[in-house]
Amino acid sequence: MKKLEIRLSGSGGQGVILAAIILANAGVEQGLNAIQTQSYGPEARGGASKAEVILSNDEINYPKITRANILLSLTQKAYDKYNSSLETNGILIVDESVKLSGDETFKVYTLPILRTAQEKFETQLVANIISLGAIYELMGEGIIDKDIMIRSITERVPAHTVQKNTDAFEEGIKLARG
Amino acid sequence: MNKEGYKLVQGNEACVEGALAAGMRFFAGYPITPSTEIAEISAEKLPALGGRFIQMEDELASMAAIIGGSLAGKKTMTATSGPGFSLMQENIGYAAITEIPCVVVNVQRGGPSTGLPTSPAQGEVMQAKWGTHGDHPAIALTPNSVQETFEYTVKAFNLAEKYRTPVIFLMDETVGHMREKMAFKDASEIEIIDRKKPTCKPEDYVAYRPDEDMIPPMAPFGEGYRYHVSGLTHDETGFPTNNNEISEKLVRRLVDKVDKNIDDFSYYEEYKLEDAEIVIIAYGGVSRSAKSAVDDLRKQNIKAGLFRPITIWPFLEKQVNKVSLNAKEIYVAEMNLGQYVLEVERIACKNCTVKSINKVNGELITPEEIVKAIGGNK
Amino acid sequence: MNCNETTKKYYRANKLPHIWCPGCGHGTLTNTIVRAVDKLGLNKDEVVIVSGIGCSSRAPGYLDFNTLHTTHGRALAFATGIKFANPKLHVIVIMGDGDSSAIGGNHLIHASRRNIDITAVVFNNNIYGMTGGQFSPTTPFGDLATTTPYGNIDKSFNLCSLAQGAGATYVGRGTAYHAPLMQKLIENGIQNKGFSFIEGLSLCPTYYGRRNKKGSAFKMHTFLKENCVDKKVVDKDPEKGKNKIIIGEFYNNPQPEYTESYQVIIDKLQG
């Protein structure tokens with residue numbers, strides 16, 4: 001595979017960093033080079049939050065994203081801030097609540113991520129894993145095996161939430177398939 | 001863990017794993033971003049190994065506690081970031097003059113003062129050497145990957161034990177918070193050095209009389225070697241003295257035991273230096289950008305290479321001098337307004353041009369910025 | 001220094017004479033520690049004496065134990081590291097008034113709060129003697145020092161109340177005049193499994209005494225003799241405590257000790 005750069009953005013507490021860790025972890029388990037970084041404000045909740053994952057067969061030096069191949073934005077603020085960092089033919093995944101600027105050149109997936117979390121799972125806490133399912137579905141086949149992804153989720157979420165989260169992951173895949 | 005034995009690990013976590021592998025069994029610290037995970041993971045893992053974790057009331061106390069713990073026979077560590085590192089300077093000097101081994105991790109963030117708590121910087125390069133008052137020995141290592149964080153934390157402990165001196169493990173937020181693959185090593189693959197203990201009878205023990213290697217054997221408190229430890233300038237017995245000759249001898253020995261053994265721990269990486277006319281010198285997180293920049297410049301037929309010090313103190317004079325003899329230009333890229341470059345200039349400016357690439361906005365210097373500064377196409 | 005055959009074996013004779021001024025109370029107070037250690041029959045190899053900086057901090061150098069002369073105010077933090085790393089050791093900390101309550105005040109509060117098994121002994125001479133007589137947190141209101149040339153307007157600390165309030169489980173006050181009491185308090189403090197705080201009122205005829213016209217060292221000792229009343233007496237008759245300095249055992253309330261509580265965690269995890 002060529003280098004794949006994925007940026008996940010939202011607000012602090014939405015769990016985008018955990019989703020990025022799960023993805024990078026699965027990348028390593030798959031035998032790829034993977035690197036995960038994040039930037040966030042000093043507060044634990046509410047501020048802008050951004051996490052990045054780079055997956056590659058080759059050694060990864062510069063650990064940050066230059067041009068994202070995939071951008072997830074769960075909030076308007078995150079979309080406004082990061083949409084210009086998406087490469088021309090990249091993939092944008094946004095929550096349906098986000099208003100797009102209208103001049104997108106990239107492929108856009110507007111998905112009811114936050115609503116699905118609330119309606120189907122009765123908690124916003126799984127929005128990150130629904131998003132992860134969507135990213136997984138759209139990042140391309142054959143990069144990471146699905147069972148490795150499921151295992152990575154299982155290892156990294158609290159034990160009593162494993163079922164809910166793996167269900168959320170499947171839900172995310174379904175949403176992206178449309 | 002994947003088939004090749006790799007796991008996704010965070011830099012700060014790798015630091016703890018390395019410390020535990022090296023034999024760290026005592027950690028004292030005070031929470032501060034972006035180093036806090038090191039304390040948290042130590043708190044979780046130490047007691048199961050019979051080790052001890054204590055959260056002290058501040059960084060002054062943390063530094064004091066790890067010196068006390070080391071004197072009682074344990075391998076000890078603390079971890080902090082800029083503001084806490086400033087507070088630790090007082091007792092880093094104490095550890096230096098009393099020759100008590102310990103490891104001080106500083107995960108650098110934006111400064112000065114409270115600065116940018118969650119952003120990377122490299123503003124404490126000079127502080128790692130000159131932070132505490134008076135002439136003193138300084139060893140500082142700086143890793144640029146998660147794997148290296150593990151391996152060089154082990155080395156930091158080994159050097160502290162071998163040379164009986166505090167060792168600064170100078171990380172930055174980029175490396176501390178980044179997650180990437182790391183191979184866990186089997187204990188049998190790791191070289192561990194323990195402090196030299198006295199072999200003489202307690203009544204014959206002269207606590208600060210150095211062996212030929214300039215290092216006195218160290219007895220832990222409680223094992224029958226009753227002696228005196230003081231931060232005052234002392235003679236070989238450890239007791240205070242104002243004698244000018246003895247004072248001079250002590251300070252020189254403290255510095256020499258490290259500086260004169262630099263060949264023992266000159267760690268660095270050279271990348272595409274063989275024919276390089278343009279040499280980038282970078283360390284820590286920035287060196288990863290520099291490596292990418294070298295590749296980009298090579299694609300543009302610019303003969304670029306990278307020299308990356310891992311041993312940041314003492315300064316690698318010999319290696320930098322050699323690099324400067326073959327280079328036309330040296331660019332020192334660092335996330336400060338020019339610290340390491342001062343040392344590079346001291347050695348290299350008689351042989352080639354030395355320029356500085358600096359950034360203090362809280363973001364890692366990018367490969368593009370380095371390429372552009374050197375005159376390549378973005 | 002009053003060394004008889006019993007106490008002699010605890011001193012590093014070749015490091016004497018000491019640096020303290022004639023009439024200073026620190027020698028007597030040091031001796032009360034030595035006598036307490038002797039009385040309890042502690043193994044010299046297992047005793048650690050830690051000090052900070054100041055006149056009091058020179059005491060460990062004269063004593064034949066494991067001795068550590070640290071930085072100003074930090075003695076308790078070093079001692080915490082030693083005790084926590086090797087709980088077998090008996091750790092005694094000698095501090096001055098400025099050392100323990102100004103620059104080291106935070107460490108005193110937190111060592112008390114943790115109830116770690118350390119015996120802290122403060123040689124309180126109401127002044128910074130080593131630097132030539134500046135006021136300390138225990139210099140009485142109105143008194144003179146080189147940095148209070150017009151009288152001290154700081155209120156002075158009650159160190160025992162401070163330690164007790166912060167969580168010390170054994171607290172008492174003795175003086176350089178009331179040496180047997182001081183020794184007894186230290187013995188009890190060492191035996192208390194937890195943080196013990198013993199204040200020893202010392203005297204500084206050179207700086208505090210001279211500047212405040214307190215007379216000779218003899219007169220200053222006499223002052224301690226005549227103006228200190230034991231808490232037991234005052235408990236029976238509060239009138240007797242009026243305008244006096246209260247000495248004696250103030251608090252003795254054993255609580256779970258820090259290193260023992262941590263050992264419970266280790267044992268649990270190691271199965």
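Just so you know, these numbers come straight off a predicted model, no measurement behind them. So you know, we letter chains A, B, ... as the sequences are listed, proteins then strands, and number each from 1.
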Nearest 0.5 Å, what's the CD1-OG1 distance between A:Ile65 and B:Thr366? 14.0 Å

Please check if atom OH in B:Tyr30 has more than 12 non-hydrogen atoms from other residues, nucleotides or ligands closer than 6.0 Å. no

Could you measure the distance from the NE2 atom of B:His177 to the CD atom of A:Gln36? Nearest 0.5 Å is fine. 10.5 Å

Return the minimal non-hydrogen interatomic distance between B:Asn2 and A:Gly31, and the atom names on each side. ND2-CA, 3.8 Å

Enter the distance from A:Asn33:CG to B:Glu180:CD here, rounded to the nearest 0.5 Å. 8.5 Å

Is B:Lys291 salt-bridged to A:Glu59, cutoff N-O under 4.0 Å? yes

Is it the case that more than 12 heavy atoms not belonging to B:Lys7 sit under 6.0 Å from its NZ atom? no

From NZ (A:Lys64) to CZ (B:Arg288), nearest 0.5 Å: 11.0 Å

How about A:Glu122: does its CD atom have over 12 heavy atoms from other parts shown lying under 6.0 Å from it? no

Interchain contact, A:Thr66 with chain B, by part (heavy-atom threshold 4.5 Å): side chain

Could you grab the distance from atom OG1 of A:Thr37 to atom CE of B:Met178, nearest 0.5 Å is fine? 9.0 Å

Side-chain heavy-atom pair B:Thr118, A:Ser39 within 4.5 angstrom cut-off: no

Among the listed options B:Asn144, B:Thr33, B:Leu116, B:Leu364, the residue most often paired with chain A at heavy-atom distances under 4.5 Å: B:Leu364

Would you indicate whether the side-chain heavy atoms of A:Arg156 and B:Leu8 approach each other to under 4.5 Å? yes

Where on B:Asp295 is there a heavy atom nearer than 4.5 Å to chain A: the side chain, the backbone, both, or neither? side chain

Could you tell me if the side chain of B:Ser287 sits less than 4.5 Å from the side chain of A:Asn61, heavy atoms only? no

With a 4.5 Å limit on heavy-atom distance, are the side chains of A:Ile35 and B:Arg179 in contact? no

Side chain, backbone, both or neither: which part of B:Ile365 has an atom under 4.5 Å from a heavy atom of chain A? backbone

Report which part of A:Ile54 has an atom under 4.5 Å of a heavy atom belonging to chain B: side chain, backbone, both, or neither. neither

Could you check whether any side-chain N or O of B:Ser292 sits under 3.5 Å from a backbone N or O of A:Tyr62, counting only pairs where one atom can act as donor and the other as acceptor? yes

Which portion of B:Ser145 sits near chain A, non-hydrogen atoms under 4.5 angstrom: neither

